[in-house]
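One structure below.
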Protein chains: 2
Amino acid sequence: MPKQTFFNLPEDKQRLIEEVAVDEFAGRGYAAASISQIVSRAGIAKGSFYQYFEDKHDLFMHLVNRVTEEKHAYFKDCRPPDPGIDFFANLRWMFEAGFAYAAAQSRLNQAVSRVLFGEGLFMGEMFKEARQASAQMFVEMLQQAAERGDIDANVDPTVAAFAVETLLNSLGLFILNQQAVSQEVLQQGRIDWLTSEQARQIVDNMLFVLEHGLRKKTDG
Amino acid sequence: MPKQTFFNLPEDKQRLIEEVAVDEFAGRGYAAASISQIVSRAGIAKGSFYQYFEDKHDLFMHLVNRVTEEKHAYFKDCRPPDPGIDFFANLRWMFEAGFAYAAAQSRLNQAVSRVLFGEGLFMGEMFKEARQASAQMFVEMLQQAAERGDIDANVDPTVAAFAVETLLNSLGLFILNQQAVSQEVLQQGRIDWLTSEQARQIVDNMLFVLEHGLRKKTDG
DNA sequence: ATACAATATGACCGAGTAGTCATGTGACCA
DNA sequence: TGGTCACATGACTACTCGGTCATATTGTAT
């Protein structure tokens with residue numbers, strides 16, 4: 001948490017520092033963000049920075065806290081329309097609220113998102129060919145399936161392909177999460193706890209979701 | 001691409017360098033990964049590194065290529081049983097192969113995935129609570145929905161929550177990519193890509209898939 | 001043995017970094 | 001007026017970084 005001296009600053013100076021910091025983080029990512037750059041662009045002395053914050057991490061966490069504060073404030077008044085509402089309606093509502101928030105809200109939130117998205121985009125650039133080839137394969141597959149009448153005509157093949165690809169790619173992530181990954185496991189480099197039975201169930205579940213969706217079928 | 005000198009190296013030295021590099025990238029993320037650290041830990045001279053690789057990017061791309069090679073090698077022998085088969089059967093085959101690969105995945109692949117999924121362990125630590133809270137929220141939501149009979153009883157809430165969360169989280173990036181939004185646009189803080197009609201359709205589609213699945217409904 | 005090319009090496013460079021600290025400044029109180 | 005205290009400052013230290021290059025060490029062909 002920032003030191004008291006930071007909160008003693010005039011509001012506009014606090015905001016200025018936050019803005020500059022946010023730009024720096026957004027532009028260069030967390031790891032490469034430079035405090036020297038921040039103080040220079042904010043027009044404060046290096047020493048002052050260290051009277052406000054412990055270090056870079058402290059500053060960044062402050063920004064994150066600001067965003068979550070803002071978010072909570074934003075969502076406070078508008079509770080989900082009805083707690084007893086249908087799950088899918090609820091999901092849709094969450095989406096729309098999230099979009100509205102993202103669209104309406106401050107530079108602060110936009111910038112923090114930019115840190116996350118920006119790095120994603122950067123990485124995306126790196127693997128453009130590989131990813132496009134992969135994505136293309138899935139799209140074609142889905143298109144063929146659509147022509148053959150295997151999949152629903154309401155679904156855009158591109159979106160469907162994305163869904164399939166994303167879930168397929170995240171299988172590894174799911175496994176890692178399930179075992180609360182630790183450095184130890186990473187070094188060990190093998191995953192042998194997973195029985196084929198468990199594996200089968202996970203795959204079954206994922207495929208079921210993709211094929212039939214989550215909604216309970218009312219008909220036989 | 002690495003220079004010829006690298007490939008002239010003894011196999012085990014190549015592997016050693018790759019291992020060390022992978023650790024560095026996995027541990028500190030792409031931006032903060034240090035070549036000085038890598039050469040030091042690999043026990044080679046700084047100058048040698050630059051006789052093997054152009055720069056950090058070159059090294060990283062080499063690792064990525066290794067991963068894709070590995071993947072291709074893994075999937076090479078096992079072609080889909082029958083090209084004319086039902087789409088979902090085909091999908092099942094792919095998922096099983098994908099799962100096997102994910103379960104057997106090498107340190108190499110793990111590390112690269114880690115870098116891609118969010119700048120290494122560090123970022124992961126930072127947002128750990130937030131992400132866990134989010135995941136927890138989804139699981140509870142799905143459990144309630146299951147109890148209320150909104151969602152299908154065949155689906156394990158944990159897997160469903162993971163699927164929902166994964167798809168929703170990566171949807172933003174997908175929309176960005178679909179509209180070919182550049183990093184500059186993001187930097188400017190424009191949000192028109194979010195509010196566009198296309199974005200809305202993508203969201204609708206994704207929600208549809210989650211609710212009803214991909215398979216064409218024969219009834220109704 | 002000799003010559004030659006390929007590779008290995010680490011001291012070195014310039015640039016940039018995080019973080020410190022002695023000194024300066026201004027506001028408030030006695 | 002003088003004293004006190006919170007804050008501001010930027011030169012400074014002690015790094016690490018990516019990258020270069022003259023030199024040393026190999027391996028190979030003659």
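Side chains included, hydrogens not; waters and symmetry mates left out as well; all remaining heavy atoms used. Letters go in sequence order (proteins before strands), and every chain restarts at 1.
Side-chain N/O atoms of A/Lys56 and base N/O atoms of C/dA18 include no donor-acceptor pair closer than 3.5 Å.
In this structure, B/Ala33 reaches the sugar-phosphate backbone alone: every heavy-atom distance under 4.0 Å involves primed, P, OP1 or OP2 atoms, never a base. The residue B/Tyr52 sits close only to the backbone: its heavy atoms come under 4.0 Å of sugar-phosphate atoms, none of a base.
For the pair A/Lys56 and A/Phe49, the cation does not sit on the ring face, since its NZ or CZ is not both under 6.0 Å from the ring centre and inside 45° of the axis.
Taking 4.0 Å as the cutoff to heavy atoms of chain B, we find the contact window on DNA chain D bounded by D/dC17 to D/dC21.
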side-chain hydrogen bond (donor to acceptor under 3.5 Å, both in side chains) for A/Thr158 and B/Gln178? Distances and angles first, verdict last. CA-CA 9 Å; A/Thr158 315; B/Gln178 278 301 101; 5.0 Å; no
In sequence, state the C-alpha distance, the side-chain angles, and the governing distance for B/Gln14 and B/Glu18, and then conclude on side-chain hydrogen bond (donor to acceptor under 3.5 Å, both in side chains). CA-CA 6 Å; B/Gln14 287 185 38; B/Glu18 285 165 5; over 6 Å; no
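Rounded to an integer number of Å, the gap from B/Gln4 CD to C/dA8 C1' is 17 Å. In this structure, B/Lys46 atom NZ and C/dG14 atom P are separated by 15 Å, rounded to whole Å. For B/Ile38 and C/dG10, the CD1 to C1' distance is 18 Å, given to the nearest whole Å. Separating the CD atom of A/Gln37 from the P atom of C/dG16 is a distance of 9 Å, rounded to the nearest angstrom.
Map A/Ile35 and A/Gln51 each onto its nearest nucleotide of DNA chain C; the residue landing nearer the 5' end is A/Ile35. The nearest heavy atom of DNA chain C to A/Ser36 and to A/Ser48 marks one nucleotide each, and the one closer to the 5' end goes with A/Ser36.
Of all heavy-atom pairs between A/Ala45 and A/Val39, the closest is O-CG1, 4.2 Å. The minimum heavy-atom distance linking B/Ala199 with B/Gln179 is given by the pair N-NE2, 3.8 Å. Taking all atoms of both residues into account, the shortest heavy-atom contact from A/Ala160 to A/Val155 is CB-CG1, 3.7 Å.
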